[in-house]
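Note sheet for the following structure.
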Amino acid sequence: MAESDPRIKGEPLARCPGPSVRDLMAADTNPVPEFLYEDEYENLGSEPIPASRYTDPAFFALEQEKMWPRIWQFAAREEELPEPGDHVVYDNAGKSFLLVRQEDGSIKGFYNVCLHRGRQLKTQDGWSAQLQCPFHGFTWNNDGTVKTIPCRWDFAHLKDEGMHLVEVSVGRWGGYVFLREAKDGPTLEEFLAPMPEHFKRWRHEECATAIWVGKVCKANWKVVMEAFMESWHTVVTHPQLLPFTGDANSMYNIYGDHVNLTVTPFGTMSPHIDPAGKSQQWIVDEFVKYNGRSSDNYEGEAAPEGGYNVKVPEGKTAREALGESLRATTTKMFGHDVSFASDAEMMDAILYNVFPNWSPWGGFQPNIVYRWRPWHDVDHCLMEVRIITRVPPGETPPRAPKMKFLSVDQKWTEAPELGILGDVFEQDMENLPFVQIGLKSSPNNRVELANYQEIQLRQFQNTLMKYVNGQL
């Protein structure tokens, strides 16, 4: 992009040698949405980040006080509470909330607190005809109006109109349900911009949760979250991905305070690999080997058509061959015609990060959705991984499975439903607990960031400080 382009503020930042995202998408089989290859960022400088933001209990408390109440939090998917009376308990940053599906299909959000003595009304997801406190039996209707006050003769000072459950704001978009404590601030659509416009193409409202795993990690929530906001750690942490991943050639866009986008190309070699003697078929074969879906895996049975059983025709690239095969397979598996989709939308890692702790993938393949939450103290967090898949046309979305919970001592690989992702996340876990220990030992209280490849970390850190300082 030219230096004068208004979407780059300040001097353009350096890039890794080799094919850029734009170069790859210019050769795509089908037209690619412009936002997937056009740069949009601001040069945010090179100042270090204080290590104490990840380790200081006092700063952790500031986040709870100043930031979490003022932001839209992804709290549930629609398929977690499909029927009237269904409820979801959402706990985060020391507070508990309750989402309840209403008779008219709307969703109300409440503080999950009995207004008598403060007990949580619900401790797990489920269905209820009413919301009754298990302690003394104070009872509310599902719309939050008071129904029963036991021993009413002893509570003459309480009026029904003053005993409604206290609501929080609820927003819904793309099959996702959000809540916010603060009454003022940007609308959900303003907070998420430009995602609603981008995702019109991918329609996550047509998807449902197929897999959901959460694991307690021994690191601050920002340490773990930020590991998924850049791709260049692949070269050392995930070397098995290099034959078919343009790790350091990724594109990083930032949009205002709350949203950014990473596009990491697949079906192309890492710039860290010597291309001598490596054919386009070699790239595909390495991709197949990694995914474990070559015909050798079917023990005499016929391998499925399409998928990763791909031969690269003469004059074609690995990306073109994989894209063509994946379009055919995805259409066949899920019943949605994606013949118009670009190769990029069928295979690349198109990862949106929404401040402060939610990251859904775009594109037309089964999408990964990440969420990170503080877990009791500054040194632990809960990382959640969902896989959402498209619901065939005309079918009712299935109810979401319960989250499979992995304790701090369990491994991601103990969730076999994650497949190869479990191995990848375990490679990340070989770093992140030790990042937390290292930050606590930092002699200069400085975290140094790359100007371009870690620009999204700096954007989110800047936004965090705006909330802490009362500017947002």
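Being a predicted model, the structure only gives us computed values, none of them experimental.
Using a 4.0 Å cut-off between a side-chain N of Lys or Arg and a carboxylate O of Asp or Glu, E345 and R201 qualify as a salt bridge. Salt bridge annotation for K183-E167: absent, with no cationic side-chain nitrogen under 4.0 angstrom from a carboxylate oxygen. Under the 4.0 Å criterion applied to side-chain N and carboxylate O atoms, D39 and R15 are assigned as salt-bridge partners. Of the charged side-chain nitrogens involved, at least one lies within less than 4.0 Å of a carboxylate oxygen, so that E448 and R446 count as a salt-bridged pair. Remark: E286 engages K289 in a salt bridge, criterion side-chain N to carboxylate O under 4.0 Å. Using a 4.0 Å cut-off between a side-chain N of Lys or Arg and a carboxylate O of Asp or Glu, R373 and D91 do not qualify as a salt bridge. With respect to the salt-bridge test (charged N to carboxylate O, under 4.0 angstrom), the residues K215 and E414 do not qualify. For E197 and K200, the salt-bridge test passes: some basic side-chain N is under 4.0 Å from an acidic carboxylate O.
Between F364 and W202, the ring planes are perpendicular. Angles over 60° get that label, and only those under 30° would be called parallel. By the 30° and 60° cut-offs, the orientation of the rings of F199 relative to W173 is perpendicular. The aromatic rings of F178 and W358 sit perpendicular, their planes meeting at an angle over 60°, well past the 30° parallel limit. The aromatic rings of F405 and W375 are tilted relative to each other, their planes meeting at an angle between 30° and 60°. Using the six-membered ring where Trp is involved, W221 and W68 have ring planes that are tilted, between 30° and 60° apart.
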Exercise. Applying side-chain hydrogen bond (donor to acceptor under 3.5 Å, both in side chains), run through S339 and D337 and close with a yes or a no.
Key: CA-CA 6 Å; S339 59; D337 180 12; 2.9 Å; yes

Practice problem: In sequence, state the C-alpha distance, the side-chain angles, and the governing distance for T330 and Q365, and then conclude on side-chain hydrogen bond (donor to acceptor under 3.5 Å, both in side chains). | Solution: CA-CA 7 Å; T330 300; Q365 283 290 289; 2.6 Å; yes

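Taken from CG in N260 to CD in Q456, the straight-line distance is 3.5 Å, to the nearest 0.5 Å. Taking CG from N353 and CD from E226, the interatomic distance works out to 10.0 Å, rounded to the nearest 0.5 Å. Atom OG of S96 sits about 12.0 Å away from atom NZ of K122, to the nearest 0.5 Å. Rounded to the nearest 0.5 Å, atoms CG (L188) and CZ (F74) are 12.0 Å apart. Separating the CG atom in D23 from the CG atom in D28 is a distance of 12.5 Å, to the nearest 0.5 Å. With values rounded to the nearest 0.5 angstrom, L449 atom CG is found 5.0 Å from I49 atom CD1.
A donor-acceptor contact shorter than 3.5 Å is absent between the side chain of D348 and the backbone of I350.
Between the side chains of S442 and N444, at least one donor-acceptor pair of N or O atoms lies under 3.5 Å. In the model, Y252 has no side-chain atom that pairs as donor or acceptor with a side-chain atom of E454 under 3.5 Å.
Between F97 and F110, a ring centre-to-centre spacing not shorter than 6.0 Å is recorded.
Side chains of P57 and D377 form no contact here, defined as non-hydrogen atoms less than 4.5 Å apart. Between D423 and Q240, every side-chain heavy-atom pair lies at or beyond the 4.5 Å cut-off. At a threshold of 4.5 Å between non-hydrogen side-chain atoms, the residues L242 and V235 count as touching. Counting heavy atoms from C-beta on, the side chains of R101 and E78 come closer than 4.5 Å.
When the side-chain contact (heavy atoms from CB on, under 4.5 Å) test is applied to E417, the partners found at least two apart in sequence or on another chain are I211, V213, K404, A415.
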Identify all side-chain donor-acceptor contacts of residues 464-471 below 3.5 Å with residues at least two apart in sequence or on another chain.
| from | atom 1 | to | atom 2 | distance (Å) |
| --- | --- | --- | --- | --- |
| K466 | NZ | D257 | OD1 | 2.7 |
| Y467 | OH | H258 | NE2 | 2.8 |
| N469 | ND2 | M465 | O | 3.1 |

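Residues E206 and R203 approach most closely at OE2-NE, 2.7 Å, considering heavy atoms.
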